[in-house]
Amino acid sequence: MKIIVSIKQVPDTSGKVAVNPDGTLNRASMQTITNPDDMNALEAALKIKDATDCKVIVVTMGPPPAAGMLREALAMGADEAVLVSAREFGGSDTYATSQVIAAAISTIGIEEDDIVLCGRQAIDGDTAQVGPQIAEKLGLPQITYAADIAVEGKNVTVKRMLEDGYMTIKTQTPCLVTCIKELNEPRYMSVGGVFEAYSKPLSTFNYETLKDHPLIDATTIGLKGSPTNIFKSFTPPQKGAGMMLEGADKATCEKLAGILAAKHII
């Protein structure tokens, strides 16, 4: 049994966000982190590994620096890592991204006992589309919004969160599950894990590696092969400092009312 975890390097939205003229994110100029929901997916895989001694493989699609994020996943306890990186894949929307990642996962190999885990959504797009699209393209049953996962043999039981409750769904491997933050608390890297991370295999799948896969077509990958067109994307202006009024007397209240009236708020 093995668990393949799809993770993504995303911009740290607490810092500066830059946009290219074509509407894509200028990732080279921004600080990056591992997508939070993907960390929960990785922790779920590692917990299953602790209980069953299965293999955990992390996969990401991104530029070469994303290898550093994969090393962190290896330091947390993953066994292998795969970086999917090529200029031909750059600028892919969710449809094109899922094409490439599904091809990479298929190349790694999906056997009857295997599970694919993804985060619910990435904080740079918030679409929650890539995980389900990967499942569709690999022909796997899928369960989304997992807040609890139990694996017993080939049976996978998931507590799926809804807006006003939850449902319990059981499926069989191979399958794909998307994870939410309520699922667990991701562990930290250990000192020993950091040292071991550089002795674990990290492979790179480029365009040459995947070009013969049925899912890889030059017309359906990358920016040119993405059916989603961004009309306009921009960095919002920073808000100025607010105004503080102190006191609860009549004069202060009248001043506040005058400011709000001048701004046509009241």
Side-chain angles (χ1 to χ4, degrees), residues 2-11 19-28 32 35 37-38 41 57-67 69-70 80-112 114-122 124-144 173-178 201-233:
K2 66 177 178 291
I3 302 177
I4 300 174
V5 187
S6 176
I7 65 176
K8 184 180 183 183
Q9 189 177 58
V10 296
V19 180
N20 294 315
D22 62 4
T24 59
L25 288 173
N26 184 352
R27 299 177 185 273
T32 58
N35 183 56
D37 284 357
D38 297 347
I57 303 174
V58 287
V59 180
T60 193
M61 186 177 90
M69 175 193 66
L70 292 176
E80 298 179 16
V82 176
L83 172 63
V84 184
S85 184
R87 290 188 179 275
E88 291 86 351
F89 305 149
S92 295
D93 68 355
T94 60
Y95 177 84
T97 295
S98 64
Q99 290 274 114
V100 177
I101 296 177
I105 292 174
S106 175
T107 300
I108 293 169
I110 295 289
E111 300 176 6
E112 62 179 16
D114 295 346
I115 302 173
V116 179
L117 296 181
C118 306
R120 170 191 55 177
Q121 63 188 44
D124 58 351
D126 286 338
T127 63
Q129 294 173 350
V130 173
Q133 287 178 348
I134 292 172
E136 287 295 318
K137 289 168 183 177
L138 292 176
L140 299 177
Q142 60 176 291
I143 305 175
T144 56
T173 59
C175 62
L176 182 145
V177 179
T178 70
L202 194 163
S203 305
T204 299
F205 288 1
N206 56 24
Y207 181 71
E208 291 297 318
T209 308
L210 300 176
K211 69 177 183 179
D212 294 328
H213 193 281
L215 288 172
I216 300 299
D217 186 325
T219 63
T220 58
I221 60 171
L223 184 60
K224 292 182 179 180
S226 298
T228 304
N229 295 314
I230 300 173
F231 173 70
K232 185 178 181 181
S233 183

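No experiment lies behind these values; they were computed from the predicted model shown.
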S.K.: Taking only Lys NZ, Arg NE, NH1 and NH2, and the carboxylate oxygens of Asp or Glu, determine whether Asp37 and Arg120 approach each other closer than 4.0 Å.
M.R.: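 A salt bridge links Asp37 with Arg120.
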
S.K.: Indicate yes or no: at least one non-hydrogen side-chain atom of Leu83 is less than 4.5 angstrom from one of Ser203.
M.R.: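 The answer is no, as the side chains (C-beta and beyond) never meet within the 4.5 Å cut-off.
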
S.K.: Report yes if some heavy atom in the side chain of Pro227 is under 4.5 Å from a heavy atom in the side chain of Asp93; otherwise report no.
M.R.: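 Heavy-atom side-chain distance check passes, below 4.5 Å.
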
S.K.: Donor-acceptor check, side chain of Ser85 to backbone of Gly62, threshold 3.5 angstrom: yes or no?
M.R.: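 Pair found, side chain donor or acceptor close to backbone of Gly62.
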
S.K.: Kindly indicate whether the side chain of Ile110, heavy atoms from C-beta on, has any atom under 4.5 Å from the side chain of Val116.
M.R.: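 A side-chain contact under 4.5 Å exists here.
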
S.K.: Hey, does Leu138 have a side-chain heavy atom less than 4.5 Å from the side chain of Leu176?
M.R.: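 Not in contact.
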
S.K.: Are the side chain of Asp38 and the backbone N or O of Gly119 linked by a donor-acceptor pair below 3.5 Å?
M.R.: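 Confirmed, Asp38 side chain pairs with Gly119 backbone.
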
S.K.: If you look at every heavy atom in Gln9 and Thr32, which pair is closest and at what distance?
M.R.: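 Heavy atoms only, the tightest pair is NE2-OG1, 3.3 Å.
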
S.K.: For Phe205 and Phe89, which heavy atoms make the closest approach, and how far apart are they?
M.R.: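 What the structure gives for the nearest pair is O-CE1, 4.3 Å.
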
S.K.: Can you give the donor-acceptor pairs under 3.5 Å from side chains of residues 213-221 to other protein atoms, not counting sequence neighbours?
M.R.:
from, atom 1, to, atom 2, distance (Å)
His213, ND1, Leu215, N, 3.0
His213, NE2, Ser106, OG, 3.0
Asp217, OD1, Thr219, N, 2.9
Asp217, OD1, Thr219, OG1, 2.9
Thr220, OG1, Asp217, O, 3.2

S.K.: Taking C-beta and beyond as the side chain, do Glu136 and Gln142 meet within less than 4.5 Å on heavy atoms?
M.R.: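 Yes, side chains in contact.
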
S.K.: If every non-hydrogen atom of Cys118 is compared with every non-hydrogen atom of Gly131, which pair is closest and at what distance?
M.R.: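 The answer is SG-CA, 4.1 Å.
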
S.K.: Can you list everything that forms a side chain to side chain contact (heavy atoms under 4.5 Å, CB included) with Glu111? Sequence neighbours excluded, please.
M.R.: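 With sequence neighbours excluded, Glu111 shows a side chain to side chain contact (heavy atoms under 4.5 Å, CB included) to Lys2, Asp114, given in chain and number order.
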
S.K.: Looking only at heavy atoms, which two atoms of Lys8 and Ala122 are closest? And how far apart?
M.R.: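 Of all heavy-atom pairs spanning Lys8 and Ala122, the closest is CD-CB, 4.0 Å.
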
S.K.: Walk me through it: do Ile7 and Asn35 pass the test side-chain contact (heavy atoms from CB on, under 4.5 Å)?
M.R.: CA-CA 7 Å; Ile7 65 176; Asn35 183 56; over 6 Å; no

S.K.: What's the shortest heavy-atom distance between Leu202 and Ala67, and which atoms?
M.R.: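 Smallest interatomic distance, heavy atoms only, reads CD1-O, 3.9 Å.
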
S.K.: Is there a side-chain contact between Ser92 and Met61 (heavy atoms, below 4.5 Å)?
M.R.: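 When only atoms from C-beta onward are counted, Met61 and Ser92 do touch, with a gap below 4.5 Å.
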
S.K.: Taking C-beta and beyond as the side chain, do Thr94 and Gln133 meet within less than 4.5 Å on heavy atoms?
M.R.: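 Contact flag for Thr94/Gln133 side chains = yes.
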
S.K.: Before you tell me yes or no, could you show the steps for Thr228 and Tyr95 under side-chain contact (heavy atoms from CB on, under 4.5 Å), namely the whole-Å CA-CA distance, both residues' side-chain angles and the distance that decides it to 0.1 Å?
M.R.: CA-CA 8 Å; Thr228 304; Tyr95 177 84; over 6 Å; no

S.K.: For the pair Gln129 and Ser98, evaluate side-chain contact (heavy atoms from CB on, under 4.5 Å) and give the outcome as yes or no after the intermediate values.
M.R.: CA-CA 9 Å; Gln129 294 173 350; Ser98 64; over 6 Å; no

S.K.: Could you check Val59, Thr97, Asn206 and say which one makes a side chain to side chain contact (heavy atoms under 4.5 Å, CB included) with Val84?
M.R.: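 Among Val59, Thr97, Asn206, the one that satisfies the side chain to side chain contact (heavy atoms under 4.5 Å, CB included) with Val84 is Val59.
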
S.K.: Show your reasoning for whether side-chain contact (heavy atoms from CB on, under 4.5 Å) applies to Ile4 and Val58.
M.R.: CA-CA 6 Å; Ile4 300 174; Val58 287; over 6 Å; no

S.K.: Looking at side-chain heavy atoms only, is the closest gap between Met69 and Thr60 below 4.5 Å?
M.R.: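 Contact flag for Met69/Thr60 side chains = yes.
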
